[in-house]
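Following: one structure in structure tokens, then a few remarks.
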Amino acid sequence: MANIAFPVARLQDGTLRQLQQLEQRLREETGEEIVLVAYQRETVNEEGTRR
């Protein structure tokens, strides 16, 4: 049986900037402190191998 893990995603600089711009836009629209978090889905099988 495989286990699912969600470690924090490692984003490239351009992608991180886009995420930060979206955070800023959401803050301006809502007036709230918005923080977006990116996770990467990993499947770990019984042998401990990640997919």
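Scope of the values below: all heavy atoms of this structure, side chains included, with no hydrogens, waters or symmetry mates. For the single chain, residues carry numbers from 1 onward in sequence order.
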Q: Please tell me if the side chains of Q18 and L22 come closer than 4.5 Å, counting only heavy atoms from C-beta onward.
A: no
Q: Kindly give the heavy-atom pair with the smallest separation between Q40 and R10, and that separation in Å.
A: OE1-N, 4.5 Å
**Q.** From CA spacing to verdict: side-chain hydrogen bond (donor to acceptor under 3.5 Å, both in side chains), E28, Q24
**A.** CA-CA 6 Å; E28 291 169 359; Q24 183 61 36; 3.1 Å; yes
Q. Under the 3.5 angstrom rule, does the side chain of E23 hit a backbone N or O of L36 as a donor-acceptor pair?
A. yes
Q. Looking at I4 and R41, what are the two nearest heavy atoms and their distance?
A. CD1-NH2, 3.3 Å
Q. Is the number of heavy atoms from other residues, nucleotides or ligands under 6.0 Å of Q12 CD greater than 12?
A. no
Q: List the atom of Y39, the atom of F6, and the distance in Å for their closest heavy-atom pair.
A: CD2-O, 3.1 Å
Q) Can you tell me how far the CD atom of E33 sits from the CG atom of L26, to the nearest 0.5 Å? A) 11.0 Å
